[in-house]
**Q** 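Here it is: the structure, laid out below.
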Amino acid sequence: MESPSIVVLTGAGISAESGIKTFRAGDGLWENHPIDKVATPEGFRKDPSLVHQFYNERRAQILDPAITPNAAHKALAQLESDYPGPVWVVTQNIDNLHERAGSKNLIHMHGEILKIRCKKTEQVFACHESISTESNCSCCQRSGTLRPHIVWFGEMPFQMDEIYHHLGKAHLFISIGTSGNVYPAAGFVEHARECGARCIEVNPNPTYNPNFEDFRQGVATVEVPKLVNELINNVPKRNTPEIP
């Protein structure tokens, strides 16, 4: 018999509790910059120095020793370790808190701030320092070819085929700390539901998406450990009315 599987989608809300500021403010600016200036391919072509500076600052924040995985990150790692079926975490976040907590079945659909990519060869490298237009690429031995390994607006998120493969096999889909406004991630719940998965939302405020059958209101550091404890002790069944 097929082991029950879980797909978890995490957004900015889970990392905010570790002290990582969300990029986008209420007025739509990203750290006082218009989105098109720092988070689009066009913005990078127009002013690569500004874009590198923007992501250098984000990278420095992630590397701050005060930024550590919180109880929600650790609970999801425990779920992967202790749950009888496969657990996959798909994150919209570009930090490394999930892996630092111990998650291994992890997909960074929007890229990773601690990596850079060569525009010429598409090779990806770890990066823990500031990058500029003068930085030399280790694979092509040229300057000006490096860019943040981040999915910008207008670009396709990474590993979409793999994500939809796991969603199609999931018995349970959990969305944590995401507004549900950014596609394609906002459509994952509908796809999972159509494929027969139970769908749970964990958020301080509901998104009112009708595809979620259960809503756990509260911050991730409180609600996710409680939910994980339930799931480890009550294996969900596909296409049954009970919510674990």
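We count residues from 1, following the sequence as given. As the structure is a prediction and not an experimental result, all values here were calculated from the model.
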**Q** For E129, is there any backbone N or O sitting under 3.5 Å from a side-chain donor or acceptor partner on R59?
**A** yes
**Q** Contact between L76 and I176 at the side-chain level, heavy atoms closer than 4.5 Å - yes or no?
**A** yes
**Q** Kindly compute the distance separating CG (D82) from CD1 (I232), expressed to the nearest 0.5 Å.
**A** 4.5 Å
**Q** Nearest 0.5 Å please: distance from the SG atom of C127 over to the CG atom of N56.
**A** 7.5 Å
**Q** Enumerate the residue pairs fulfilling ring-ring contact (aromatic ring centres under 6.0 Å, His included) with a member in residues 101-136, sequence neighbours excluded, ordered by first and then second residue.
**A** none
**Q** So which heavy atom on Q217 is nearest to which on P204, and how close?
**A** NE2-O, 2.9 Å
**Q** What distance do I174 atom CD1 and C199 atom SG have between them, rounded to the nearest 0.5 Å?
**A** 10.0 Å
**Q** F188 vs F173 aromatic rings, parallel, tilted or perpendicular, using cut-offs 30° and 60°?
**A** perpendicular
**Q** For the backbone of K169 and the side chain of S5, can you confirm whether one donor and one acceptor N or O come within less than 3.5 Å of each other?
**A** yes
**Q** Supply the atom-to-atom distance W88 CH2 to I6 CD1, rounded to the nearest 0.5 angstrom.
**A** 14.0 Å
**Q** Any salt bridge (charged side-chain N to carboxylate O under 4.0 Å, His left out) pairs touching residues 141-161, not counting sequence neighbours?
**A** R147-E155
**Q** Is it true that a side-chain atom of S15 and a backbone atom of A12 form a donor plus acceptor pair closer than 3.5 Å?
**A** no
**Q** Does T178 offer a backbone N or O that forms a donor-acceptor pair with the side chain of N203 under 3.5 Å?
**A** yes
**Q** State, to 0.1 Å, how close S135 and L146 come at their nearest heavy-atom pair, and which atoms those are.
**A** CB-CD1, 4.1 Å
**Q** Using a 3.5 Å distance criterion without hydrogens, assess whether the side chain of E112 forms a donor-acceptor pair with backbone atoms of I94.
**A** no
**Q** Run the ring pair (Phe, Tyr, Trp, His ring centres under 6.0 Å) test against H98 and tell me which residues pass, sequence neighbours left out.
**A** H73
**Q** Got a sec, which hydrophobics cluster with V222, joining ILVMFWY side chains under 4.5 Å apart, including via others?
**A** V219
**Q** Does N136 have any side chain to side chain contact (heavy atoms under 4.5 Å, CB included) partners at least two apart in sequence or in another chain, and if so, which?
**A** Q141
**Q** Between N105 and H166, is there a side-chain heavy-atom distance shorter than 4.5 Å?
**A** no
**Q** Under 4.0 Å between a side-chain nitrogen and a carboxylate oxygen: does that hold for K104 and E80?
**A** no
**Q** Which Ile, Leu, Val, Met, Phe, Trp or Tyr residues join V151 in one cluster when any pair of side-chain heavy atoms under 4.5 Å counts as a link?
**A** F158
**Q** Taking side chain to side chain contact (heavy atoms under 4.5 Å, CB included) as the test, write out the residues that go with S143, two or more places apart.
**A** none
**Q** Who passes side chain to side chain donor-acceptor pair (under 3.5 Å) against T133, sequence neighbours left out?
**A** none
**Q** Tell me, do Q92 and M109 make a side-chain contact under 4.5 Å, heavy atoms counted?
**A** yes
**Q** Give a yes or no on whether a salt bridge exists between E190 and R193, defined as a side-chain N under 4.0 angstrom from a carboxylate O.
**A** no
**Q** Who pairs with E223 by side chain to side chain contact (heavy atoms under 4.5 Å, CB included), at least two apart in sequence or on another chain?
**A** V202, R216, K226
**Q** Can you tell if the side chain of L97 reaches within under 4.5 Å of the side chain of I20, non-hydrogen atoms only?
**A** yes
**Q** Under the side chain to side chain donor-acceptor pair (under 3.5 Å) rule, collect the residues that match up with T207, sequence neighbours excluded.
**A** E201
**Q** Do D95 and I67 touch side chain to side chain, with heavy atoms closer than 4.5 Å?
**A** no
**Q** Transitive ILVMFWY cluster of Y208 at side-chain heavy atoms under 4.5 Å: who else is in it?
**A** none
**Q** Can you list everything that forms a side chain to side chain donor-acceptor pair (under 3.5 Å) with E17? Sequence neighbours excluded, please.
**A** T221
**Q** Does the Y55 side chain pair with the main chain of V38, one donor and one acceptor, at a distance under 3.5 Å?
**A** yes
